[in-house]
Amino acid sequence: MTDTAERNPLDKRRPTQVVAPGIYQLGLQGNSFIVETEQGLLVVDTGPSPDLVPDALADLRQHTDAPIRWIVYSHGHMGYNYGVPGFLADAERRGDPRPTIIAHENVVRRYRRYAETGGLQAHLNSMQFRRAKAAFPAVPPQTFPDQTYAESLTLGTTGRVVQLFWAPSETDDVTAVWLPQERILYGSAAVIESIPNIGTPLRTLRDPVRWADTLDRFAALDPAVVVPEWGKPRREQVGEMLTGTARALRWLRAEVVARLNKGMVVGEILHDLDYPAELFDEPWMAETYGHRDFVVRDIVRAETGWWDFNPTNLHPSHPDVAAAAVAGAIADQAAVLARARELRDAGEVQQALHVIDLLALAPGDKPETVEARELKAELCELRAKQASSYVSRSLYRV
């Protein structure tokens, strides 16, 4: 289901922007980061499709006609480098040497996992980005890197120095780019100009402390400019953004663990935290994509198992069987529907969702069940309008 009033975050094709002389960003999927060197161009990320490459390169060629020497993967998430064949074809057409593709060594493992779980990834992406499952290939068109590195790699033998270094954050295979002469940092997937994307409901674990460590290492470089994975280059409050985000993540870790040590469960923790304004009421902590609740849940997941401590859920019945049993135990199902509507009308939409699930999850097409599902759909749309996170809005609407 697509929300026509809201732009999909992946739809980011933009003209070339000059960050500094010989340094550019090009919107394909996120910020493709381009650096001129004496050996040729370094291009970070090639976009979601070869079909976008000709127009993107035609725009770039208005600024530089240098050959592309290196293609670097910012990280291994699907779609960021599906455009590689288009870049290789362009080099061949121009008679340039084939660019060398470079990535952190962990990208190889991620690409293999995505090849194994392509159908699952397509299903998850269709929910998160509100697109048809067919829009995401079940067999991802991956181009494996020619060269990998573990900790850091310096490119360019003369002239401008380009340093690649491992920056584990959103994934364990992130590559950041540091230009020491200009003090320009491409923060890659570690810097997204909003609360770090930790604990996304559909994704594997992400470590907030590891992400904080990476941001502190960024700050120690004392960059004058940071180019994020998404959004405009930041030239002001650069250090404050990096260290402030790191402090917020460390605060979350400490406070969640303190409550786990008291025996609290995740639902209790989510409603017990009192977030300090000096850490969380900053523009770089806006919950436009991720959410503080997501971070809390990932910390809990990292320290506990899958069980929610409710004995009923230890060895549960099939979901349809359990839902049918619950619905069958309710003598006055009309009263459940009425109560859910009362809560909705009182503005207690989340409570109304809890109530309506007594009926809406049951199988079959009894009139009360159908009515409950229709009401739940309405409640989910109301919750979507209340949610700040794009991911939350997506999941309510699918």
Side-chain angles (χ1 to χ4, degrees), residues 1-12 29-30 47-49 75-82 110-111 113-142 170-171 189 192 194-206 229-230 266-267 270 286-298 300-301 306 308 313 316 318-320 323 349-350 352-354 356-357 360-363 372-398:
M1 187 181 302
T2 301
D3 180 7
T4 56
E6 181 177 20
R7 185 171 183 173
N8 190 295
L10 298 184
D11 297 333
K12 288 289 184 178
Q29 180 162 305
S49 169
H75 64 307
H77 271 166
M78 301 176 76
Y80 281 85
N81 279 291
Y82 288 174
R110 179 176 298 274
Y111 268 21
R113 178 167 68 85
Y114 284 166
E116 181 184 13
T117 62
L120 170 64
Q121 302 304 326
H123 178 61
L124 300 181
N125 283 326
S126 71
M127 290 191 288
Q128 187 161 322
F129 299 109
R130 303 179 219 164
R131 292 181 174 178
K133 187 174 179 179
F136 300 95
V139 180
Q142 298 165 328
E170 184 172 11
T171 64
I192 56 176
S194 62
I195 189 169
N197 189 23
I198 297 167
T200 305
L202 302 174
R203 307 300 179 182
T204 54
L205 280 169
R206 296 167 181 176
E229 181 187 32
W230 298 87
V266 64
L270 286 169
E287 295 170 343
T288 55
Y289 193 77
H291 197 282
R292 63 186 71 176
D293 286 1
F294 298 169
V295 186
V296 170
R297 288 183 178 278
D298 242 22
V300 174
R301 275 204 303 167
W306 51 263
D308 63 0
N313 298 325
H318 186 282
D320 284 352
V349 181
Q350 183 59 47
L353 276 171
H354 292 304
I356 204 62
D357 271 355
L361 299 181
R373 292 177 190 148
E374 292 171 350
L375 178 54
K376 182 171 182 177
E378 177 189 338
L379 296 171
C380 286
E381 179 59 32
L382 290 172
R383 286 293 281 138
K385 292 177 180 178
Q386 295 171 347
S388 58
S389 161
Y390 175 90
V391 176
S392 294
R393 291 193 296 273
S394 293
L395 300 185
Y396 281 126
R397 286 172 170 147
V398 300

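This is a predicted model, so every value here is computed, not measured. Side-chain atoms are counted along with the backbone in the values below, which use heavy atoms only and exclude waters and symmetry mates.
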Run L202 and L395 through side-chain contact (heavy atoms from CB on, under 4.5 Å) and show every step you take. CA-CA 10 Å; L202 302 174; L395 300 185; 3.8 Å; yes
Run L353 and K376 through side-chain contact (heavy atoms from CB on, under 4.5 Å) and show every step you take. CA-CA 6 Å; L353 276 171; K376 182 171 182 177; 3.8 Å; yes
Could you walk me through whether R301 and V266 pass the side-chain contact (heavy atoms from CB on, under 4.5 Å) check? CA-CA 9 Å; R301 275 204 303 167; V266 64; over 6 Å; no
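Using bins of under 30°, 30° to 60° and over 60° for the plane-to-plane angle, the ring pair H77/H75 lands in the perpendicular bin. Ring geometry for Y80 against W230 counts as perpendicular: the plane angle is over 60°, on a 0 to 90° scale with 30° as the lower cut.
Checked against salt bridge (Lys or Arg N to Asp or Glu O under 4.0 Å), E374 has no partners two or more places apart in sequence or in another chain. Taking E229 as the reference, nothing meets the salt bridge (Lys or Arg N to Asp or Glu O under 4.0 Å) condition, with sequence neighbours excluded.
When all heavy atoms are compared, the tightest approach of T288 to S194 is OG1-CB, 3.4 Å. When all heavy atoms of M127 and S394 are compared, the pair lying nearest together is O-CB, 3.4 Å. What you find for R110 and T171 is that their closest heavy atoms are NH2-CB, 3.3 Å. Between P137 and M78, the shortest heavy-atom distance links the atoms O-CE, 4.3 Å. Nearest heavy-atom pair across G118 and P140 is CA-CD, 4.4 Å. Nearest approach of V349 to L379, heavy atoms of both residues: CG1-O, 3.5 Å.
Side chain of S389 to backbone of S392: a donor-acceptor contact under 3.5 angstrom is found. A donor-acceptor contact shorter than 3.5 Å is absent between the side chain of R297 and the backbone of P201. Remark: the backbone N or O of S388 is paired with a side-chain donor or acceptor of R393 at under 3.5 angstrom.
Within the 4.5 Å cutoff, side-chain heavy atoms of T204 are placed close to those of R113. Looking at heavy atoms from C-beta onward, V391 lies in side-chain contact with Y289 at the 4.5 angstrom threshold. Side-chain contact between R206 and T200 is present, with heavy atoms from C-beta onward closer than 4.5 Å. In this structure, Q142 and Y114 have side chains that are in contact, with non-hydrogen atoms separated by less than 4.5 Å. Inter-residue side-chain proximity for Q386 and R383 is flagged as met; some heavy-atom pair is nearer than 4.5 Å. In this structure, R131 and F136 have side chains that are in contact, with non-hydrogen atoms separated by less than 4.5 Å.
Interatomic distance, NZ of K133 versus NE2 of H123, reported as 6.5 Å (0.5 Å rounding). Taking CZ of R373 as the reference point, atom SG of C380 lies at 13.5 Å (rounded to 0.5 Å). Distance check, rounded to the nearest 0.5 Å: CG of D298 to CD1 of I198 gives 7.5 Å.
Remark: R203 fails to qualify as a cation-pi partner of F294 under the 6.0 Å distance and 45° angle criteria applied to the six-membered ring.
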